Asks: 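Please find one structure pasted underneath; my questions will follow.
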Amino acid sequence: MTHAADLADRLTEIVGPRGVLRRPGELVVYRSDGLPGYSKQPRLAVFPRTRDELVAVVRLLAEHGVPFVPRGAGTGLSGGALADDVVLVGLNRLTRILSIDPVERLAVVEPGVVNVSLTRAATPYGLHYAPDPSSQAACTIGGNVAENAGGPHCLKYGVTLNHVRAVTAILPDGEIVRLGSAEGEADGYDLLGAFIGSEGCFGIALDVTVRLSPNPQAIRTLLADFTSVDAAARATSEIIASGIVPAALEMMDGATIRAVEASIYAAGYPVDAEAILLIELDGLEAGLEADVARIEGMCAAAGARTVRIARDDAERARLWQGRKKAFGAMGRVSSHLVVQDAVIPRTRLPDVLALIREIAERQRITVCNVFHAGDGNLHPNIGYDANNPDEQARVHAAMREIMSACVAAGGTITGEHGIGLDKLDYMSLIFSEDSLAAMCRLRDVFDPEHRANPGKVVPVHSCREWHGAPKAAWSA
Amino acid sequence: MTVPMSATSSPAVEQTASASTTPSSPPLRPTTTAEVREIVDDAIAHNTPVRIVGRGTWLDAGRPVEATRQLSLEGLTGIVDYTPGDLTLTARAGTTLAEIARATAEHGQWLALAPWGGDDGSLGATAATATAGPMSGALGTPRDILIGIEAVAGSGELVRGGGRVVKNVAGFDLTRLMVGAWGTLGILTEVSVRLRGLPEQEATLALPLPNAPAAVADVVRHLRSAPIAPLAIEMVSATLAARLGLGQQPVVITRLAGNADAVSAQRVALGAFGDVMDVSDGVWTTVRTADPIQATVVRFSSTVARFPEVWLAADRLAVAGDGHVHATVLRSSARVVLPHNEGAPTDAALELLRGASRDTRIFERLPRALWPVLAPTRAADRLSQGVRSAFDPHRLLNRGILGETHA
């Protein structure tokens with residue numbers, strides 16, 4: 001049994017009085033992450049400022065056998081960073097960029113470095129950090145590693161996994177390990193690959209070595225507008241099948257366009273369109289116009305009313321801002337929002353989007369679609385009133401139907417947001433009991449006591465030797 | 001059930017220090033995942049370690065394996081799922097890369113793995129050994145290109161990681177874990193990959209590579225910052241250049257791709273380096289398949305800053321060992337290939353191989369006796385041992401291939 005106040009005192013000795021929260025009133029703000037609808041209150045929260053403090057915190061928690069949840073900026077969309085009566089370890093004060101090496105095109109950062117700050121720091125060298133989640137102005141590299149985060153430009157440049165070369169991690173038992181290699185090829189099992197996307201269940205990154213990418217010589221951003229979602233979906237499938245790999249290919253439907261245009265993020269999207277595609281091509285200047293022309297042609301053939309090309313960086317930034325802040329803009333429409341993250345084969349976009357529309361009509365709910373069309377990564381989101389139990393029930397039923405439709409189309413349940421708490425129930429739709437049991441054993445290797453982010457990712461009942469997520473045993 | 005299995009025999013395993021058992025019975029040749037499972041279940045029941053030989057194209061790679069049975073994946077072939085518009089493909093593990101290349105080329109697509117060793121090898125073995133090739137710096141390694149796997153774990157369980165879509169973070173990443181595990185966690189039975197559209201145009205250009213360290217560094221720096229987006233930049237030593245018909249001195253070969261405008265602009269950009277020469281795209285296949293049948297193959301993986309130095313050291317090693325070297329500029333990785341007939345490379349070469357180096361040395365192939373001398377285990381740490389136990393608790397699959405110890 002651990003006495004919470006005693007533990008808080010010991011943590012305070014490590015991080016100072018301003019680094020520990022213990023009163024319920026102070027902890028309320030950590031009850032949810034970017035996905036409203038889940039609420040779990042941590043017993044304590046601790047915010048180390050340095051690597052040494054973080055190491056000492058994790059070792060103290062190990063000594064007391066206390067479960068904990070690592071948390072970056074809390075922008076996640078799966079309930080993954082929620083701590084249910086355990087200790088929340090906030091990493092957002094570990095914000096130092098330790099090095100940028102323009103020759104090797106590598107940066108070493110602490111886990112709390114904000115995604116876009118790294119790109120800003122790399123800009124003087126003509127470099128950037130490629131993965132660009134929509135929350136990049138707030139989310140942290142440590143959180144990106146935990147979730148294997150994506151973003152619009154991952155279509156061409158790959159997700160977090162493809163950009164992380166090495167991680168120094170502290171395991172839940174306090175051991176420090178080096179995964180991957182910053183100096184060259186790594187050898188042996190790809191433990192780094194296993195760590196990335198492990199949603200905080202395998203340990204905490206102390207530092208992350210990432211690749212920086214050269215800025216492209218030229219960029220063209222196209223806005224194609226359509227009078228139906230189906231036409232935009234067909235254009236997407238055509239573009240992907242053509243073999244041209246756009247840097248990004250995003251779709252927004254009419255409801256989303258109108259929510260954005262009514263908000264402070266208005267980007268000048270045509271409000272009478274039923275769908276737009278935001279298509280970015282980049283690379284060498286030579287040859288880019290030819291690809292732009294081909295894509296314009298494909299959009300026109302699929303029924304685009306107009307295809308507009310951003311004239312300058314300012315217009316380009318504005319077009320992107322509308323896309324990246326679309327979730328925020330929807331806050332104006334409803335008090336609650338659920339968002340899914342299924343991925344489907346790209347040829348199935350037209351029929352799955354039609355199916356989603358059908359489900360929405362039948363359940364009498366409004367689904368907005370704003371998503372990474374080029375990857376087939378859907379983000380249907382549904383605004384609702386959580387105080388209306390009937391509406392809430394219909395929303396939940398629709399979510400399950402949509403997920404089942406995506407799985408039936410050959411897809412997966414999450415492309416970039418992670419399982420967290422939100423998608424635990426869907427895991428058995430795509431993984432057999434054997435696969436889930438193997439995943440449990442993999443977690444056991446890193447965290448035999450399941451103290452790191454307990455109860456997330458793999459349903460506890462699938463872990464053959466486990467019968468419940470460990471809880472902290474707090475004494476009165 | 002048609003799998004030829006020796007139902008009861010469990011011959012004693014030979015456990016000498018440096019030599020592996022050579023199974024005398026013909027390899028087991030399953031044709032379905034279910035048959036692979038039966039073989040693993042039988043191996044567990046009789047405690048008979050199994051060597052996975054894929055299609056048998058690369059049998060001397062990796063450390064000596066201790067096994068009483070061999071399992072060939074030559075019968076587990078065929079493309080399971082290929083919708084060209086999705087640019088993804090799923091095939092059974094024994095499918096050759098050549099078969100995949102044929103099927104995808106019909107739709108103007110390709111699987112951009114192109115590993116060392118050519119296209120006779122299987123998709124499964126390429127994934128299991130994480131073998132990359134000259135285009136990996138631009139287009140990714142198996143780690144980047146695989147999107148899902150199905151495998152029979154050493155525990156007998158049928159496990160799946162990832163899926164058939166290009167983006168997927170559901171569950172812990174069993175796909176990455178199996179890539180490069182050399183079959184020690186599970187026998188891959190099915191592999192899903194992402195594809196690319198074939199470039200509209202391609203061109204391969206060669207330019208001479210100077211010998212002086214500073215000049216090499218210059219060329220590398222300029223190539224890395226030139227306005228080109230090559231699929232590959234490979235430096236080849238003089239002996240290999242001669243075999244490619246490119247003269248008697250080291251050269252850099254660069255593969256350009258894109259639409260017509262892009263290729264011609266890159267050609268002009270490369271022209272700034274001096275004498276460039278158009279060569280056949282076929283040189284890439286030759287480089288990939290240039291290893292002699294018996295060879296010592298070592299990769300030196302370095303930083304960008306040290307790469308020119310590593311290249312020159314690797315070249316000295318190749319000359320001393322009567323072999324050749326080629327280096328993937330976009331990965332800062334030099335691959336030294338030394339032929340050997342009876343036993344080991346020369347003392348001089350051995351000396352260089354042993355030499356202190358800050359660079360990562362990855363041994364692909366060595367004479368049997370040299371493995372314990374040069375290449376200690378690469379899976380001895382607690383986590384790696386734990387991962388092995390989690391998937392292959394009885395240490396039945398490719399036992400010893402990572403140099404790992406076992407109880």
Side-chain angles (χ1 to χ4, degrees), chain A residues 103-104 147-148 150 154 158-159 162 177 181 183-185 187-191 193-194 197-198 217 237 240-244 283-284 286-287 290-291 343-347 375-377 410-416 418-419 427 430-432 434-435 437-439 441-446 457-458, chain B residues 83-88 108-109 140 143-144 153 157-161 163-174 176-177 179-181 196-198 227-229 258-262 264-266 299 301-305 331-333 359-360 362 378-379 381 383-384 386-387 390-391 402:
Chain A
V103 173
E104 304 297 331
E147 301 298 315
N148 191 11
C154 292
V159 294
N162 310 111
V177 294
S181 163
E183 285 76 38
E185 283 178 64
D187 206 3
Y189 295 133
D190 187 1
L191 299 174
S198 60
Q217 196 182 37
S237 295
I240 294 302
S242 78
I244 296 176
L284 299 175
D291 282 354
V343 187
I344 55 168
R346 275 88 52 104
T347 52
D375 291 318
N377 188 185
T412 189
I413 59 177
T414 175
E416 55 182 13
I419 300 296
M427 283 290 273
I430 53 167
F431 292 118
S432 68
D434 274 1
S435 299
M439 288 179 194
R441 289 200 305 273
L442 177 59
R443 167 187 276 181
D444 290 346
V445 173
F446 287 85
V457 185
V458 179
Chain B
T83 307
D86 292 328
L87 281 105
T88 57
Q109 299 178 355
R143 176 188 205 259
D144 304 303
E157 291 161 309
L158 180 67
V159 299
R160 272 182 184 279
R164 295 180 184 182
V165 287
V166 293
K167 206 171 167 194
N168 196 346
V169 297
F172 300 130
D173 196 342
L174 304 186
R176 252 39 66 183
L177 211 52
V179 171
R196 288 176 174 269
L198 281 166
I228 55 175
N259 59 32
D261 295 347
S264 77
Q266 294 183 79
R299 294 201 303 279
S301 174
S302 86
T303 60
V304 172
R331 292 187 82 198
S332 304
S333 172
D359 309 297
T360 310
I362 296 172
R378 45 184 196 175
D381 59 289
L383 290 177
S384 296
V387 166
F391 288 84
L402 296 174

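In what follows, chains are A, B, ... by sequence order, proteins preceding strands, each numbered from 1. Computed from a predicted structure; not experimentally measured.
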Asks: Donor-acceptor pair, R176(B) side chain versus D190(A) backbone, under 3.5 Å?
Replies: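 Pair absent, no side-chain N/O of R176(B) close to backbone of D190(A).
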Asks: Does any backbone or side-chain atom of I344(A) lie under 4.5 Å from a heavy atom of chain B? Answer side chain, backbone, both or neither.
Replies: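 Just its backbone gets close to chain B.
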Asks: So which residue, A286(A), G243(A), G184(A), ends up with the most heavy-atom pairs under 4.5 Å with chain B?
Replies: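 Option with the top pair count is A286(A).
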Asks: Do you know which of R331(B), R164(B), R196(B) has the most heavy-atom pairs with chain A at a distance under 4.5 angstrom?
Replies: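 Going by pairs under 4.5 Å, I would pick R331(B).
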Asks: Any side-chain heavy atom of N259(B) within less than 4.5 Å of one from D291(A)?
Replies: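 The answer is yes; the side chains approach within 4.5 Å.
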Asks: Verify, without hydrogens or angle tests, whether E104(A) (side chain) and V304(B) (backbone) share a donor-acceptor contact under 3.5 angstrom.
Replies: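 Looks like yes, one N/O pair under 3.5 Å.
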Asks: Among I244(A), D375(A), I419(A), which has the most heavy-atom pairs under 4.5 Å with chain B?
Replies: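 Greatest number of close heavy-atom pairs with chain B: D375(A).
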Asks: So, do Y189(A) and L402(B) sit near enough that their side-chain heavy atoms are less than 4.5 Å apart?
Replies: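 In contact.
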Asks: By a 4.5 Å heavy-atom criterion (distance strictly below it), what part of N148(A) contacts chain B: side chain, backbone, both, or neither?
Replies: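 Both parts, backbone and side chain.
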Asks: Minimum heavy-atom separation for A194(A) to L177(B), with atom names?
Replies: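 A194(A) and L177(B) have their closest heavy atoms at CB-CD1, 3.9 Å.
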Asks: Side chain, backbone, both or neither: which part of L198(B) has a non-hydrogen atom closer than 4.5 Å to chain A?
Replies: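 The answer is neither part of L198(B).
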Asks: What is the distance from atom CD of E185(A) to atom OG1 of T360(B), rounded to the nearest 0.5 Å?
Replies: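 The distance works out to 7.5 Å.
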Asks: Considering only heavy atoms, which portion of L284(A) lies under 4.5 Å from any heavy atom of chain B: side chain, backbone, both, or neither?
Replies: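 Side chain only.
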Asks: Which atom pair, heavy atoms only, marks the closest approach of A438(A) to F391(B)?
Replies: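 Where A438(A) meets F391(B) most closely, the heavy atoms are CB-CE2, 3.9 Å.
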Asks: For chain A, which of G386(B), A379(B), G171(B), G163(B) has the most heavy-atom pairs under 4.5 Å?
Replies: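 Winner by heavy-atom pair count: G171(B).
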Asks: Hey, which of R143(B), Q109(B), Q266(B) has the most heavy atom pairs under 4.5 Å with chain A?
Replies: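 So the answer, after comparing R143(B), Q109(B), Q266(B), is R143(B).
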Asks: If you count heavy-atom pairs within less than 4.5 Å of chain A, which of D173(B), D381(B), V166(B) leads?
Replies: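 If we count pairs closer than 4.5 Å to chain A, V166(B) comes out on top.
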Asks: Can you find a pair of side-chain heavy atoms, one from V169(B) and one from V159(A), that are under 4.5 Å apart?
Replies: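 Not in contact.
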Asks: Would you mind reporting whether I430(A) and R160(B) have side-chain heavy atoms less than 4.5 Å apart?
Replies: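 Not touching, per the 4.5 Å side-chain cut-off.
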Asks: Could you tell me which portion of S384(B) (side chain, backbone, both or neither) has an atom closer than 4.5 angstrom to a non-hydrogen atom of chain A?
Replies: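 Answer is both: backbone and side chain atoms of S384(B) are under 4.5 Å from chain A.
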Asks: Check whether M427(A) gets within reach of chain B through its side chain, its backbone, both or neither, counting any heavy atom under 4.5 Å.
Replies: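 Side chain only.
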Asks: Taking side-chain contact (heavy atoms from CB on, under 4.5 Å) as the criterion, tell me which of V165(B), T88(B), L87(B) meets it with P345(A).
Replies: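 It is V165(B), the one option of V165(B), T88(B), L87(B) that forms the side-chain contact (heavy atoms from CB on, under 4.5 Å) with P345(A).
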Asks: Give the member of V343(A), V177(A), V103(A) that has the highest number of heavy-atom pairs under 4.5 Å with chain B.
Replies: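 Ranked by contacts with chain B, first place is V343(A).
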Asks: Using heavy-atom distances under 4.5 Å, tell me whether V457(A) contacts chain B through its side chain, its backbone, both, or neither.
Replies: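 For V457(A), the contact with chain B is made by the side chain alone.
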Asks: Which one, A437(A), S237(A), G188(A), leads in non-hydrogen pairs under 4.5 Å with chain B?
Replies: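 The candidate making the most pairs under 4.5 Å is G188(A).
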Asks: Go through the atoms of V458(A) and report whether side chain, backbone, both or neither lie under 4.5 Å from a heavy atom of chain B.
Replies: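 Side chain only.
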Asks: Ignoring hydrogens and geometry, is there a side-chain-to-backbone donor-acceptor pair from D86(B) to R346(A) under 3.5 Å?
Replies: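 Yes.
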Asks: Using a cut-off of under 4.5 Å for heavy-atom pairs, which of D261(B), D144(B), N168(B), V159(B) has the most such pairs with chain A?
Replies: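 Ranked by contacts with chain A, first place is N168(B).
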Asks: Look up atom CD1 in I362(B) and atom CG in D187(A), then write down how far apart they are to the nearest 0.5 Å.
Replies: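 CG of D187(A) is found 4.5 Å from CD1 of I362(B).
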Asks: Side chain from CB out, backbone as N, CA, C, O: work out which of these in S432(A) comes under 4.5 Å of a heavy atom of chain B, or both, or neither.
Replies: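 Side chain only.
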Asks: Heavy-atom pairs under 4.5 Å with chain A - which of G85(B), A260(B), A265(B) has more of them than the others?
Replies: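 Highest number of heavy-atom pairs under 4.5 Å: G85(B).
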